Amino acid sequence: MSTYKPGEFEDKWNKVYAEKKVFQPEINTKKKKFFINVPVAYPDGRLHLGHLYTWTRADIYARFMRMKDYNVLWPQGWHFTGGPIIGMSIRLKDKDPTAIKIMEQSKVSKENIEKFASDPVQMGLYFSKTFKEDFELAGMSIDWRREFILSYTPQYTKFVEWQLRKLKDKGLITQGNHPVIWCPREDTSLGDHDRAEGEGESPMLFSIIKFKCGGLILPVATLRPETVFGVTNIWINDKIKYRKIEVDGESWIVSSEFEKKLPYQLKEIKSASDFDISSIIKTTAVNPVNNEEIPVLNADFVDKDLNTGVVMSVPMHSPADYVYWEKVRESAPSLYKKPKKIIDVDGYENLIEDAVKKNGSDRPGLKEATRFVYKKEASEGKLNDKNGPLSGLTINEGRERAIELLKGLSAYDSIYELSGRVVCRCGSEGLVKMVQNQWFIKYSDKKLKEKAIDHVSRMNIYPQEARAQVINSIYNLEDKAMARRGGLGTPLPWDKEWIVEPLSDSTIYMAFYTISHIIKTLDPGDVNDELFDYVFLGEKPKHQITPKADEMKKEFEYWYPVNLRITAKELLTNHLIFFILNHVALFPEDKWPIGLGINGWLVINDIKMSKSKGNTMLISESIKEFGADVVRSIAATSNGIDDVKWSTSDINTIKQKFEFLMDIIEILNDFGDERRVVDRFLVSKLGRMVVDTESNYSQLKYRNAVFTSFFEGLDYLKFYLEAGGKNRETLKTFISCIIKLVHPIFPFITEELNSRLGAKTLLEESESWPRAEDYGLDEIAENEVSVLRSTVDDISKLIKITGKTPSRITIGIAPAEKFSTYNEIVESAKKTKNPKELRSMLKKQDAFTDRILKNPNRIPINELDIEIERRIFEESKEYLTRIFNSEIKVQDSGDEKASPGRPKIELA
RNA sequence: GCAGGGGUAGCGAAGCGGUCAAACGCGUAAGGCUUAGGACCUUAUGGCUCAGGCCUUCGAGGGUUCAAAUCCCUCCUCCUGCACCA
């Protein structure tokens, strides 16, 4: 018995690859090139299996294409742009115990932790080195000569500047204000991962409607200004502290919380003082659109932290207002009569009442009722004739018209508020800040979008479903804020206060890979826009540029465009579309990206593993324990965008199957030369496996690929041996082919087995991908093997049913005449499967054809052959005897029960 | 809110108009092997039958077809991603 020892073959073959420089491709115009890449990694910790999942998917593709004789380039770089590395460095400086623990778990020494605390770049450099080591252990076939670091490599910084100036020249850079979620204490923007609470919340634009109340303004914030004609009263809350503030020459009554938020949105408060809210309760305010007088009433549901602390009540549109109206109707004479309905929805006479009745008037009930009502109104609602100039409009039309109307009456303003509560990790409440003079990339540009969408519709996108998502994301794209005030990165060349943010400095860097090994040797001072214009766009330089420019231009021309970019799904609707749009904006069409591969996340939740190792299991440890080949099987757990689970039981299966192959290779010479039907079967299946597996690899359906090659293949092989297959050449052909089919996934062990089978060339080096044409397709042999297998099932069933233990089983093959009738039906069924039509096509009809056609869903479609059927049973006598412990007799049979593919079985 | 994708055995999943739906894997049960455990092998795992048969079932309800898990409509329900953030 052979045993697979993890780590047995990796070093040996890695050395061979390194010596032959297999992963360092040079320009070769005789070969088709294939440029594949994965986004730059952000090294703020150690590589884990989750990362490795994405990179292995790329590596499998790279190796697959190399076997198909493509000249494959796969580079990899890093980026330091942005905040987290700095953030971690600061946490280490502050001696944050969690941060220190993370470092210790990553096996970082005390001295290094201190180094990282004083210099974040050192941390990036350290972890990019460990990433690289782990990638090499796992067999990533990367050309490391082209490695570089975004926001660190000076020549790259020049490239970013060039790219930005190009965008600016094309009018694709604009400037404006932009709302951001902000921590007032730390005075920085609050990204999703900086939040203790409120992940996914975003700034929302609220309308402010100004209701006059004596000489004061009650500013009501709402998302639904179109309901202003249905307002019955104003809600305030006497438990809240209110302030009178001077804004735009008016006196606003707002919560003191709102007063604090307002300056962040570029509103100046001239003066402010405490305000006794009880002084206006039960007085009246004026609705600006119809001058109706409405009462100001107290309600405890008004939230001090949301908006202005002043709310308008529209009972016939908002379930919460409706419930409160019922409670307080006694308190003001004008509220006695039922409020007027302002929005009609067909088929819902009492929309609000019914929604409240159905869901209840407690908090969750009201929330659900509101959701339902808003959805109905938005999709089917119409503003009815009680709405003045808004009458007859849909909700969306009404909203725009209402805003215009209010603006005309000088009763409109707007404000950004959070969509939900956000709390910073530091503990303070987040708020919305309007950042002034932010720089944008103008992705809203219609022409740019059109060109990009048109191109995306022609790209190769795996899995297919992702295409719609990409197209829709581009379609809905707005301008992208492209800079920030802090963090590591490249300063904007024309406004050095701003640093380019990480998604915007990384849209076309794949072009830089093609030249990075050359440009890195240049003095950064010699790198300028003219050089890039020449290399990437072919524009003749006006001044002298480096003599290496032509070499670089050649590299770029040969390797570009990107053939396949592989990444996880969270980059799908941002990075990947920026990647496409910027290429479309800056490069000629023949340099636009060709393919995308998108995957989900790897979830390692196997109990055994997470208990002993945790989910942060180090790559080097897993590889030591299971072997690089086996760890790589993580990439074969999914076909697409779904998240995948990995479990140790899969690992064992793979290991055992390789040991089985090793066993057979060892005893290969004990096999002989006899050829049987099962030999034809096995080789025929091989051809199909090649076709299926190739198609699966091409579409990154690796789960299917490992199935159609490895699992299915070994099942066939086992059956072949059991059923009496014993031909040395067949076995050798078969095993050699399987090894090739799974080589992209399991490179080391397959390279080893391939050499043990006597192969002279490396799988990785030459045109080694098998060709389906080399294996003879033999449908009849395949069909008759199915007959053998189903007959075994039938015999087992019969034995069970009858309770007999037969000492002799007789297999009766149907007469030749039935075979020809049967095959005639098979032939006709290729044209139609409609039973009536089929019947009319047959030359003769008898009890046999009636029986076949009885069930239209059981019409045979596989051609059979009497000689082969006889032979396969003759050749399988030994096999059948072993299974049933009984003498097997094969003979012709005229019995009614004997049909082609269904021999008569007699137990005796 | 915007967008995308699902709902098939105890679970994960395949099937995407026609070869009796459930391949393949996991789990479970029985047996074999073993000092025992693990691993491995065999068998079973929707229901009824008991000479290779029949019936039920693919989120729910309608429709198209000789034929629907598969195509169309309506509804329910779950998951995923979403820009100053890597």
Side-chain angles (χ1 to χ4, degrees), chain A residues 39-42 44 79 81-85 178 180-181 189-195 200 202 204 223 374-375 378 419 435 438-441 443 463 465-473 475-487 498-504 506 568-575 577-578 598 600-601 637 639-645 647 649-650 652-653 656 703-704 707 711-712 715 783 786 790-791 793-804 826 829 832-838 855-862 883 897 901-902 904-907:
Chain A
V40 283
Y42 188 74
D44 61 343
H79 82 116
T81 315
I85 288 181
H178 188 63
V180 171
I181 297 185
S189 66
L190 254 180
D192 255 352
H193 60 276
D194 304 322
R195 301 176 192 172
S202 57
M204 279 166 75
L223 289 168
Y374 280 30
K375 209 173 156 185
S419 55
V435 177
Q438 168 65 280
W439 291 97
F440 295 87
I441 302 179
Y443 289 131
E465 307 93 79
R467 189 189 309 275
Q469 245 181 112
V470 174
I471 289 178
N472 276 308
S473 301
Y475 184 79
N476 293 321
L477 203 56
E478 289 165 24
D479 293 345
K480 164 89 173 81
M482 48 127 13
R484 52 183 300 178
R485 293 288 187 177
W498 294 92
I499 306 279
V500 183
E501 63 83 35
L503 284 165
S504 301
S506 59
K569 63 185 166 191
E570 83 278 11
L571 295 182
L572 177 63
T573 53
N574 43 59
H575 167 73
I577 59 181
F578 303 150
I598 295 118
W601 290 105
T637 49
N639 283 325
I641 211 159
D642 297 333
D643 293 344
V644 294
K645 290 171 188 169
S647 78
S649 48
D650 302 336
N652 220 353
T653 316
Q656 279 167 10
R703 185 192 154 95
N704 284 3
F707 179 73
F711 291 104
E712 207 170 68
D715 279 354
N783 297 342
S786 300
S790 64
T791 305
D793 286 346
D794 282 345
I795 295 173
S796 313
K797 250 193 227 168
L798 281 182
I799 289 176
K800 216 173 116 191
I801 289 166
T802 56
K804 282 186 194 167
V826 169
T832 176
K833 293 212 175 70
N834 189 327
K836 267 185 206 153
E837 291 170 28
L838 199 52
N855 184 342
N857 287 325
R858 281 176 63 182
I859 292 158
I861 56 169
N862 291 326
I883 296 176
K897 272 194 174 138
R902 211 86 204 274
K904 157 100 173 153
I905 299 162
E906 275 175 286
L907 306 180

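A quick note: this is a predicted structure, and the numbers were derived from the prediction, not measured. Values below: all heavy atoms of this structure, side chains included; hydrogens, waters and symmetry mates excluded. Here is how names work: the chains are called A, B, and so on, in the same order as the sequence lines, proteins then strands, and each is numbered from 1.
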Trainee: Report which part of the nucleic acid A/Ala829 touches: base, sugar-phosphate, or nothing (heavy-atom distance under 4.0 Å, all strands).
Mentor: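 Nothing, no heavy atom under 4.0 Å.
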Trainee: Starting the side chain at C-beta, find the nucleotide from B/G18, B/G81, B/U19 nearest to A/Thr573.
Mentor: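 Of B/G18, B/G81, B/U19, B/G81 is nearest to the side chain of A/Thr573.
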Trainee: Under 3.5 Å, which N/O atoms of the protein pair with N/O atoms of nucleotides 42-52 of chain B?
Mentor:
| from | atom 1 | to | atom 2 | distance (Å) |
| --- | --- | --- | --- | --- |
| B/C50 | O2' | A/Ile801 | O | 3.2 |
| B/A51 | O2' | A/Lys897 | NZ | 3.4 |
| B/A51 | N6 | A/Lys804 | NZ | 3.1 |
| B/G52 | O2' | A/Asp794 | OD1 | 3.1 |
| B/G52 | O2' | A/Arg902 | NH2 | 3.2 |
| B/G52 | N1 | A/Pro903 | O | 3.2 |
| B/G52 | N2 | A/Asp794 | OD2 | 3.2 |
| B/G52 | N2 | A/Pro903 | O | 3.2 |

Trainee: With sequence neighbours left out, what residues match A/Arg902 under salt bridge (charged side-chain N to carboxylate O under 4.0 Å, His left out)?
Mentor: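 Scan of A/Arg902 (salt bridge (charged side-chain N to carboxylate O under 4.0 Å, His left out), adjacent residues dropped) gives A/Asp794.
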Trainee: Give A/Leu572 one of three labels, base, sugar-phosphate or nothing, depending on what nucleic acid heavy atoms sit under 4.0 Å from its own.
Mentor: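 Nothing, no heavy atom under 4.0 Å.
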Trainee: Separation of A/Glu478 atom CD from B/G1 atom P, in whole Å?
Mentor: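 Atom CD in A/Glu478 sits about 17 Å away from atom P in B/G1.
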Trainee: Does B/A14 have OP1 or OP2 under 4.0 Å away from a side-chain N or O of A/Arg703?
Mentor: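 Checking A/Arg703 against B/A14: no side-chain N or O falls below 4.0 Å of OP1 or OP2.
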Trainee: Taking side-chain contact (heavy atoms from CB on, under 4.5 Å) as the test, write out the residues that go with A/Ile861, two or more places apart.
Mentor: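 Partners of A/Ile861 under the side-chain contact (heavy atoms from CB on, under 4.5 Å) test: A/Lys833.
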Trainee: Polar atom pairs between nucleotides 3-9 of chain B and protein, under 3.5 Å, N or O only, would you list them?
Mentor:
| from | atom 1 | to | atom 2 | distance (Å) |
| --- | --- | --- | --- | --- |
| B/A3 | O3' | A/Asn472 | ND2 | 3.0 |
| B/G4 | OP1 | A/Asn472 | ND2 | 2.9 |
| B/G4 | O2' | A/Gln469 | NE2 | 2.9 |

Trainee: C1' atom, B/A69 versus B/U57: distance in rounded Å?
Mentor: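 Straight-line distance between the two C1' atoms is 10 Å.
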Trainee: Which nucleotide wins on minimum distance to the side chain of A/Asn834, given the candidates B/C82, B/C66, B/C85?
Mentor: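 Per side-chain heavy atoms of A/Asn834, the pick is B/C66.
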Trainee: Kindly write out the residues that satisfy side-chain contact (heavy atoms from CB on, under 4.5 Å) with A/Phe707, not counting sequence neighbours, or none if the list is empty.
Mentor: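 By the side-chain contact (heavy atoms from CB on, under 4.5 Å) rule, A/Phe707 matches A/Phe711, A/Glu712.
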Trainee: Would you classify A/His575 as touching base, sugar-phosphate or nothing, given that sugar-phosphate means primed atoms plus P, OP1 and OP2, and contacts are heavy atoms under 4.0 Å?
Mentor: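 Result for A/His575 = nothing.
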Trainee: By nearest nucleotide on RNA chain B, pick out whichever of A/Lys833 and A/Asp479 is the more 5' one.
Mentor: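 Checking each residue's closest nucleotide, the 5'-ward one belongs to A/Lys833.
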Trainee: Provide a list of protein-nucleic acid N or O atom pairs under 3.5 angstrom, restricted to nucleotides 39-41 of chain B.
Mentor:
| from | atom 1 | to | atom 2 | distance (Å) |
| --- | --- | --- | --- | --- |
| B/C40 | OP1 | A/Gln656 | NE2 | 3.2 |

Trainee: Remember a base hit wins even if backbone is also touched, and classify A/Pro84 as base, sugar-phosphate or nothing at under 4.0 Å, heavy atoms.
Mentor: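 Sugar-phosphate contact only - A/Pro84 comes under 4.0 Å of backbone atoms but never of a base.
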Trainee: With sequence neighbours excluded, tell me which residues meet side-chain contact (heavy atoms from CB on, under 4.5 Å) with A/Thr791.
Mentor: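 With neighbours one apart ignored, the set is A/Val787, A/Ile795, A/Phe873, A/Pro903, A/Ile905.
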Trainee: Please state how far atom CE in A/Met204 lies from atom P in B/C82, giving the value in whole angstrom units.
Mentor: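 For the pair A/Met204 CE and B/C82 P, the rounded distance is 19 Å.
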Trainee: If the condition is side-chain contact (heavy atoms from CB on, under 4.5 Å), which residues does A/Thr832 pass it with, not counting sequence neighbours?
Mentor: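 A/Thr832: side-chain contact (heavy atoms from CB on, under 4.5 Å) contacts with A/Asn834, A/Glu837, A/Leu838, A/Met841.
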Trainee: Give RNA chain B the dot-bracket treatment, 5' to 3': Watson-Crick (N1-N3 with N6-O4 or O6-N4) or G-U (N1-O2, O6-N3) under 3.5 Å, [ ] crossing, | other strand.
Mentor: ((((((((.[[[..)..(.....]]]((((((.......))))))(((....)))...[[[[[..)....]]]]])))))))....
Trainee: For the pair made of CD1 in A/Ile85 and C1' in B/C85, what is the distance, rounded to whole Å?
Mentor: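 Computing the A/Ile85:CD1 to B/C85:C1' distance gives 14 Å.
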Trainee: What integer distance in Å separates A/Ile471:CD1 from B/C82:C1'?
Mentor: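 Rounding to the nearest Å, CD1 of A/Ile471 and C1' of B/C82 are 17 Å apart.
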Trainee: Starting the side chain at C-beta, find the nucleotide from B/A83, B/C24, B/U19 nearest to A/Asp715.
Mentor: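 Of all the options, the side chain of A/Asp715 is nearest to B/C24.
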Trainee: If the condition is ring pair (Phe, Tyr, Trp, His ring centres under 6.0 Å), which residues does A/Phe440 pass it with, not counting sequence neighbours?
Mentor: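 With sequence neighbours excluded, A/Phe440 shows a ring pair (Phe, Tyr, Trp, His ring centres under 6.0 Å) to A/His178, given in chain and number order.
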Trainee: According to side chain to side chain donor-acceptor pair (under 3.5 Å), who are the partners of A/Ser504, at least two apart in sequence or on a separate chain?
Mentor: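 Here the qualifying residues are A/Glu501.
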Trainee: According to side chain to side chain donor-acceptor pair (under 3.5 Å), who are the partners of A/Asp479, at least two apart in sequence or on a separate chain?
Mentor: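 Counting only residues at least two positions away or on another chain, A/Asp479 forms a side chain to side chain donor-acceptor pair (under 3.5 Å) with A/Ser444.
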Trainee: Within the 4.0 Å heavy-atom criterion, would you say A/Phe707 contacts the bases, only the backbone, or no part of the nucleic acid?
Mentor: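 The residue A/Phe707 makes base contact.
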Trainee: Is A/Lys569 touching bases, backbone alone, or none of the nucleic acid, heavy atoms closer than 4.0 Å?
Mentor: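 Counting heavy atoms under 4.0 Å across all strands, the contact made by A/Lys569 is with sugar-phosphate only.
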